[in-house]
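Each remark here refers to the structure printed beneath this line.
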Number of protein chains: 2
Amino acid sequence: MATIQEVAKKAGVSVATVSRVLNKHTVVNAKTRAKVEKVIKELNYEPSMLGRNLRNSESKLLLVVIPSIANPFYTEIVDGIQETAISNGYHILLCETNSNPEREATYFGMIKNRMADGVICMDPAVNKQKLFELAEKYPIVQCSDYDKGSNIPYVTIDSELAAYHAVRHLIKIGHKRIAMINTDERILYARERRAGYERALKEFGIPLDEELIFHTMDIDFNDGQQAMRSLLEVKDVPTAAFAVSDVLAIGALKEINNNGLKVPNDIALIGFDKLSFSNMTYPALTTVAQPMFKMGSLAAAMLIQKIQGKKVENIVLEHELVLREST
Amino acid sequence: MATIQEVAKKAGVSVATVSRVLNKHTVVNAKTRAKVEKVIKELNYEPSMLGRNLRNSESKLLLVVIPSIANPFYTEIVDGIQETAISNGYHILLCETNSNPEREATYFGMIKNRMADGVICMDPAVNKQKLFELAEKYPIVQCSDYDKGSNIPYVTIDSELAAYHAVRHLIKIGHKRIAMINTDERILYARERRAGYERALKEFGIPLDEELIFHTMDIDFNDGQQAMRSLLEVKDVPTAAFAVSDVLAIGALKEINNNGLKVPNDIALIGFDKLSFSNMTYPALTTVAQPMFKMGSLAAAMLIQKIQGKKVENIVLEHELVLREST
DNA sequence: CTGAAAGCGCTAACAG
DNA sequence: CTGTTAGCGCTTTCAG
């Protein structure tokens with residue numbers, strides 16, 4: 001492992017000069033530069049990021065905190081983050097909390113100990129108090145999930161409006177008994193989507209029936225399946241269901257099929273997110289598209305701006321109703 | 001940002017002593033330790049990993065190279081890697097190549113420049129020549145994909161045998177026209193799974209029909225769908241299909257459904273991997289389970305062993321045929 | 001345009 | 001048990 005010292009010695013220059021040719025931008029005599037570059041090649045020299053990072057007190061790493069990598073929603077966001085990060089000379093440190101507070105503490109430690117230059121937090125279950133404290137001293141942005149009161153910048157969508165659009169669609173095609181498969185309402189977007197659901201019902205004079213609202217513990221196929229199992233036992237069975245995630249909708253679809261019922265004739269179904277596999281179910285799932293990749297990409301750009309000390313503005317992206325076969 | 005210097009000064013000890021209380025294991029007088037720990041709390045001191053890493057010439061980061069994070073197969077492996085990495089004080093640096101050689105070069109650079117202590121390579125399309133060169137100087141392990149000739153340690157399954165089991169199952173339930181949805185045969189597992197497919201056919205005296213073997217470009221739902229579209233146009237339509245990935249099988253299933261055909265009656269279908277989604281299709285997919293999480297976990301453990309300079313042995317894990325509704 | 005020297009924050013001999 | 005010191009590999013003044 002050649003070091004900058006060895007390159008300097010062999011090229012007959014000082015380490016400062018080698019550093020200069022490494023870091024472009026500074027003026028170096030063409031001949032000197034050529035000589036140094038030649039030696040760099042000969043020695044197969046690669047500058048050590050450890051040295052550089054200590055000196056510059058930066059790590060060029062972005063912490064990405066998600067609940068679970070198994071959820072494809074985050075997968076597509078991470079994809080977007082990655083693209084922007086890399087094109088700006090950063091890399092991603094992926095962190096799953098799995099709703100484990102200890103892990104969360106570990107990750108928050110990583111920004112304090114300089115392992116990461118900033119964090120993109122996408123875990124709705126994170127300890128908000130600690131997050132806010134952290135955000136006062138370090139660059140942090142939120143993505144998808146966010147907190148209204150805080151001054152942590154975020155990129156997200158208008159969940160209330162998106163849910164309203166989804167439910168209105170269901171109503172317009174004739175449904176009145178519309179179930180909602182929601183997740184834990186401690187999560188902001190769950191509350192917002194419920195508000196959108198209620199607004200649509202109210203607007204069309206449909207009474208709210210608490211029996212039709214199911215809250216899942218988590219966001220997994222099984223949770224969706226369980227929700228539908230429950231909903232099918234309600235005396236006046238719903239004719240349509242709105243799930244706040246395609247993952248839940250797909251689980252629900254499975255349960256409907258298992259009961260010998262047909263989508264959309266017996267029950268219409270609408271999901272959320274437009275995950276790639278929502279188009280592979282049979283029937284294909286109608287859903288509310290979220291621009292996940294773009295969201296991730298913008299969140300990364302926003303974070304990098306913050307790291308550079310620039311001001312940033314919150315971003316609310318557009319959603320889109322994608323009509324397919326399940327409604 | 002307090003440094004070790006400030007802690008030392010305020011506690012009235014030397015930096016060496018502070019370092020000692022930080023790094024346990026060394027003997028420090030109980031009183032001194034208490035005093036130092038008190039100051040550490042007061043100052044909210046967090047040791048800088050940048051300094052520590054430079055000094056120890058390590059980064060405590062593991063490079064994980066995958067083709068695409070969108071493929072749920074890798075997702076579950078990464079989950080396993082993460083668990084083991086974290087419990088050993090490492091973190092993962094996630095890298096998608098997207099079959100982009102430039103990115104690949106960037107990632108390989110990261111081990112050379114000390115940003116990572118080792119790499120778990122899962123990209124079958126990686127430049128093997130470069131990979132082998134790298135493996136001579138740095139700790140590298142392969143996971144799922146591997147290379148027979150090389151001396152890069154790996155953890156994988158017996159793909160030939162797994163494919164043989166899958167196809168034999170199809171034959172035993174009465175099928176003779178069995179299609180194979182394979183991926184690019186430049187990839188080792190694709191060749192191995194084809195060998196297993198052929199072995200099963202031969203064993204039961206079924207002639208090989210090249211028309212029934214489709215090669216996809218990539219591993220995406222669309223590729224599976226396209227494969228089945230093609231297969232349905234063969235004059236003597238197959239009555240069963242073996243796909244080398246659940247993702248491909250799910251795409252194929254979609255196409256079968258689109259054509260008004262029924263699985264398993266018109267066409268039986270078997271996938272590979274046992275992705276969580278494979279149980280949510282209708283009908284649920286019969287598949288060959290791979291222990292993805294364990295694979296990732298073992299690969300991480302293996303890599304950490306290598307980093308510590310220990311010898312490691314290749315690992316071949318068991319697969320399992322999971323009978324569900326699609327056959 | 002180039003070199004000498006300081007120092008980022010930490011750990012690990014080596015003495016005492 | 002504790003302090004002194006050197007140095008990990010790099011960038012960046014400051015002189016020249």
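Order of the sequence lines fixes the chain letters, A, B, ..., with proteins taken first and strands second; residue numbering starts at 1 for each chain. In what follows, every heavy atom counts, from backbone to side chain, and hydrogens, waters and symmetry copies are set aside.
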- [ ] Answer yes when A/Lys10 and A/Glu42 have at least one side-chain N-carboxylate O distance shorter than 4.0 Å, and no when they do not.
- [x]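 A salt bridge is present here (some side-chain N lies under 4.0 Å from a carboxylate O).
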Task: Boundaries of the DNA chain D segment in contact with chain B, non-hydrogen, under 4.0 Å - done: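 Contact span on the strand: D/dC1 to D/dG9.
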Open item on the list: Keeping B/Asn314 on the side-chain end and B/Tyr154 on the backbone end, is there a donor-acceptor pair under 3.5 Å?
Closed with: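 Yes, B/Asn314 side chain to B/Tyr154 backbone: donor-acceptor pair under 3.5 Å.
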Task: Any donor-acceptor pair under 3.5 Å from A/Gln290 side chain to A/Ile157 backbone - done: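 No; zero donor-acceptor contacts below 3.5 Å.
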Considering only distance and modelled atom types, tabulate donor-acceptor pairs under 3.5 Å from the side chains of residues 132-145 of chain B, sequence neighbours left out.
unit_1, atom_1, unit_2, atom_2, d
B/Gln142, OE1, B/Asp147, N, 3.2
B/Gln142, NE2, B/Asp147, OD2, 2.9
B/Asp145, OD2, B/Lys128, NZ, 2.9

Please list, for nucleotides 5-9 of chain C, all pairs of protein and nucleotide N/O atoms separated by less than 3.5 Å.
unit_1, atom_1, unit_2, atom_2, d
C/dG7, N2, A/Arg55, NH1, 3.2
C/dC8, O2, A/Arg55, N, 3.4
C/dG9, N2, B/Gly51, O, 3.2

Report, as yes or no, whether the 6.0 Å neighbourhood of atom [atom1] on [X] holds more than 12 heavy atoms from other residues, nucleotides or ligands.
| X | atom1 | value |
| --- | --- | --- |
| B/Glu102 | CD | no |
| A/Glu318 | CD | no |
| A/Lys294 | NZ | no |

Task: Protein-nucleotide distance (A/Lys35, atom NZ; C/dC1, atom P), rounded to Å - done: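 Taking NZ of A/Lys35 and P of C/dC1, I get 14 Å after rounding.
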Open item on the list: Rounding to an integer number of Å, can you tell me how far A/Met115 CE sits from C/dC10 C1'?
Closed with: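 The answer, rounded to whole Å, is 15 Å.
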TODO: Report yes if a side-chain nitrogen or oxygen of B/Asn23 is closer than 4.0 Å to either non-bridging phosphate oxygen (OP1 or OP2) of C/dT11; otherwise report no.
DONE: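 Indeed, a polar side-chain atom of B/Asn23 lies that close.
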- [ ] Please report the shortest heavy-atom distance between A/Ile4 and A/Val15, naming the atom on each side.
- [x]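 For A/Ile4 and A/Val15, the tightest heavy-atom pair comes out as CD1-O, 3.7 Å.
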